[in-house]
Amino acid sequence: MSKYQRVLSLLKNPPLGTGITVKGWVRSIRVGKGVAFIAVNDGSCVTSLQVVLDPGMPGYEEACKIGTGSAVGVEGVLAASPAAGQPVELRAERVTVYGGVDESYPLQKKHHSFEFLRSIAHLRPRANTFGAVFRVRSALSFAIHRFFRERGFVYVHTPIITANDCEGAGELFRVTTLDLADPPRIEGKPDFGRDFFGQATGLAVSGQLEGELLACGLSSIYTFGPTFRAENSNTARHAAEFWMVEPETAFADLADDADLAEDFIRYLCRFALEECAEDMAFFDKQIEPGLIHRIGALADSEFVRMDYTEAIAKLEKASVSFQYPVSWGLDLQTEHERYLTEKVVGGPMFVLNYPKEIKAFYMRQNDDGRTVAAMDLLVPKVGEIIGGSQREERLDLLQARMEQMGIDQAGLSWYLDSRRWGTCPHAGFGLGFERLIMYLTGMENIRDVIPFPRTPGHAEF
RNA sequence: UCCCCAUUAGCUCAGUCGGUAGAGCGGGUGACUGUUAAUCACCAUGUCCGUGGUUCGAGUCCGCGAUGGGGAGCCA
């Protein structure tokens with residue numbers, strides 16, 4: 001591979017007068033009688049590099065026939081641009097076409113709908129919006145690791161294949177090597193005892209339970225990896241395969257947990273604004289006017305904390321009428337959450353201490369006997385972005401709750417052991433990574449912040 | 001899974017009262033220009049999602065199906 005330079009570094013620190021090579025994809029070409037211009041984008045930044053072709057250049061005629069979307073290499077000299085629109089340009093001396101296009105190339109130099117681009121997800125990385133989305137996604141992945149590393153958290157890898165199906169976090173995708181056409185049977189049902197793992201297994205819907213075990217030894221841990229849910233969810237914010245960040249902290253309570261979540265979100269907002277400035281400016285201009293102000297304001301503000309009980313009182317006093325009933329003991333519906341975060345608070349908010357009947361078995365029971373130490377972080381537009389809790393560390397109370405909820409204790413004996421010996425208070429949360437990216441970029445559909453989204457009926461690419 | 005909406009040229013869309021299909025972009029040809037998703041002129045392009053029905057006649061009305069979108073539930 002011959003040496004070449006990325007557009008980003010050329011624009012940042014232009015080596016004027018120097019011979020260089022760039023490689024990328026043609027965004028547009030404008031051919032005139034005395035001169036031609038090619039905009040070349042290599043995905044290193046939103047901005048394309050203007051390449052100037054002089055008719056005296058060898059191969060000029062062929063170069064002028066290059067279509068939008070072609071992969072090219074350009075050797076030439078970088079020079080200050082005499083025209084407005086770009087500070088520098090590449091005066092081409094030789095153009096190499098690696099891959100041309102014909103008239104059937106679907107990406108044109110025009111606006112395309114996100115619906116259409118989803119149908120050509122294999123080509124959309126060449127579109128400005130998706131270049132920006134995937135660069136921000138990459139940068140924020142790094143930011144997540146940096147945030148936790150700065151705070152002494154240990155990055156742990158929890159299993160992707162699991163035998164737990166009792167976490168209450170959603171439907172499992174089955175993992176099996178049994179012959180589906182004719183599985184071994186026991187009492188008419190497939191005998192998973194003869195499956196690969198000797199029991200029924202599936203893809204993990206959460207790494208939380210294992211994360212708790214690691215925290216109860218390493219003190220502060222986090223996971224960051226793919227998560228799978230076989231739910232028939234058809235919404236702009238659900239996917240069957242998504243990435244989740246799950247920190248877990250020993251000797252922490254619910255207030256500590258919310259503080260960590262707040263610091264975390266604020267850190268990520270600042271990171272996006274500082275480290276992804278050009279892409280964020282693109283989103284601010286093209287996707288959601290006011291985005292930069294919104295993210296900046298969030299980074300500088302305190303997050304509101306409100307008990308579930310108070311939230312219910314606010315909703316009962318609301319002047320608007322809701323489609324779903326509001327009453328202590330009922331879960332908050334999306335319309336209620338949106339009212340709270342968008343109308344009552346006007347920004348991100350934690351709702352804390354939910355009724356125990358509507359939450360998972362592992363959440364710590366509060367002294368009032370009717371609520372658990374759960375929290376949801378709600379943000380405008382996206383809704384629930386974080387869900388977390390302080391975990392029940394008292395063995396007797398945990399077992400009693402599992403008993404009440406009909407959860408098999410034998411299969412979770414290892415989990416109960418962590419409470420049996422050396423138990424400690426601990427808390428954690430789960431952040432939907434794609435929802436974070438949606439919030440930071442203004443993109444409104446989760447299918448547009450994952451390169452190749454998996455949703456019901458869709459596993460193409 | 002439920003509710004609502006949509007499906008017309010490669011893409012984005014218009015199409016009146018039911019009378020046999022249009023624009024912009026893209027493509028082709030040419031002109032012109034240190035151009036900026038260039039501009040101008042000309043040219044070509046259709047299984048009107050599929051299917052059944054109503055009608056003299058259906059892109060248009062009705063039924064069924066498919067696909068997509070929005071909302072809801074589940075949740076991150």
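In what follows, chains carry the letters A, B, and so on, assigned in the order in which the sequence lines appear, proteins first and then strands, with residues in each chain numbered from 1. Quick note: numbers below take in every heavy atom, side chains included, and nothing from hydrogens, waters or symmetry partners.
Separating the C1' atom of B:rC56 from that of B:rG46 is a span of 26 Å, rounded to the nearest Å. Between B:rG57 and B:rG18, the two P atoms lie 16 Å apart (nearest whole Å). B:rU54 and B:rG73 are spaced 39 Å apart, taking the C1' atom of each and rounding to whole Å. Rounded to a whole angstrom, the distance from the P atom of B:rA14 to that of B:rC74 is 35 Å. Using atom C1' as the reference point in both B:rC48 and B:rA21, the two lie 8 Å apart (nearest Å).
Within 4.0 Å of A:Gln323, counting heavy atoms only, lies no atom of the nucleic acid at all. As judged by a 4.0 angstrom heavy-atom cut-off over every strand, A:Val245 is placed among residues making no nucleic acid contact. Residue A:Asn234 is classed as a base contact, given a heavy-atom separation below 4.0 Å to a base. When heavy atoms are screened at a 4.0 angstrom cut-off, A:Leu436 is found touching no nucleic acid atom at all. Base engagement by A:Thr235 is indicated by at least one non-hydrogen atom pair under 4.0 Å involving a base atom. Here A:Gln86 lies in heavy-atom contact (under 4.0 Å) with a base. The residue A:Ala239 sits close to a base: some heavy atom pair falls under 4.0 Å. Using a 4.0 Å heavy-atom cutoff across all strands shown, A:Arg118 reaches sugar-phosphate atoms only and no base atom. Using a 4.0 Å heavy-atom distance criterion, A:Ala39 is classed as making no nucleic acid contact. Within 4.0 Å (heavy atoms only), A:Arg338 reaches no atom of the nucleic acid at all.
When Watson-Crick and G-U wobble pairs are counted only if both distances are under 3.5 Å, B:rU12 pairs with B:rA23. Pair check for B:rU7 finds B:rA66; Watson-Crick or G-U wobble, both atom distances under 3.5 Å. Nucleotide B:rC2: paired with B:rG71 (Watson-Crick or G-U wobble, both distances less than 3.5 Å). Base pairing analysis places B:rU29 opposite B:rA41; the two distances defining the Watson-Crick or G-U wobble pair are each below 3.5 Å. Nucleotide B:rU47 forms no Watson-Crick or G-U wobble pair with any nucleotide shown, as no partner meets the under 3.5 Å limit on both distances.
Listed pair A:Thr68 / B:rG26 fails the phosphate criterion, with no side-chain N or O lying under 4.0 Å from OP1 or OP2. Side-chain nitrogen and oxygen atoms of A:Lys109 include at least one within less than 4.0 Å of the OP1 or OP2 phosphate oxygen of B:rA38. Here A:Arg30 reaches the OP1 or OP2 of B:rA38: one of its side-chain N or O atoms lies under 4.0 Å away. Contact check, A:Thr334 against B:rG73: a side-chain N or O comes under 4.0 Å of OP1 or OP2.
Checked by atom type, the side-chain pair A:Asn366/A:Thr371 shows a donor-acceptor distance below 3.5 Å. For the residue pair A:Thr455 and A:His458, no side-chain donor N or O sits within less than 3.5 Å of a side-chain acceptor on the partner.
Evaluation of atom-type donor-acceptor distances gives a pair under 3.5 Å for the side chain of A:Ser233 against the base of B:rC74.
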List every contact pair, protein side and nucleotides 10-15 of chain B side both N or O, where the distance is under 3.5 Å.
{"from": "B:rG10", "atom 1": "N2", "to": "A:Gln108", "atom 2": "OE1", "distance (Å)": "2.7"}
{"from": "B:rG10", "atom 1": "N2", "to": "A:Gln108", "atom 2": "NE2", "distance (Å)": "3.0"}
{"from": "B:rG10", "atom 1": "N3", "to": "A:Gln108", "atom 2": "NE2", "distance (Å)": "3.2"}
{"from": "B:rC11", "atom 1": "O2'", "to": "A:Lys110", "atom 2": "NZ", "distance (Å)": "2.9"}
{"from": "B:rC11", "atom 1": "O2'", "to": "A:His112", "atom 2": "ND1", "distance (Å)": "3.0"}
{"from": "B:rC11", "atom 1": "O2", "to": "A:Lys110", "atom 2": "NZ", "distance (Å)": "3.2"}
{"from": "B:rU12", "atom 1": "OP1", "to": "A:Ser113", "atom 2": "OG", "distance (Å)": "2.9"}
{"from": "B:rU12", "atom 1": "O4'", "to": "A:Lys110", "atom 2": "NZ", "distance (Å)": "3.4"}

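Annotation: A:Phe224 is not in aromatic contact with A:Tyr155 [ring centroid separation under 6.0 Å not met].
The shortest distance between side-chain heavy atoms of A:Phe350 and A:Asp257 does not fall below 4.5 Å.
The two residues A:Arg229 and A:Ser206 make their nearest non-hydrogen contact at NH2-CB, 4.4 Å.
Nearest-nucleotide positions on RNA chain B place A:Pro456 closer to the 5' end than the other of A:Leu332 and A:Pro456.
An aromatic stack links A:Phe242 and the base of B:rA76, using centre distance under 5.5 Å and interplanar angle under 30°.
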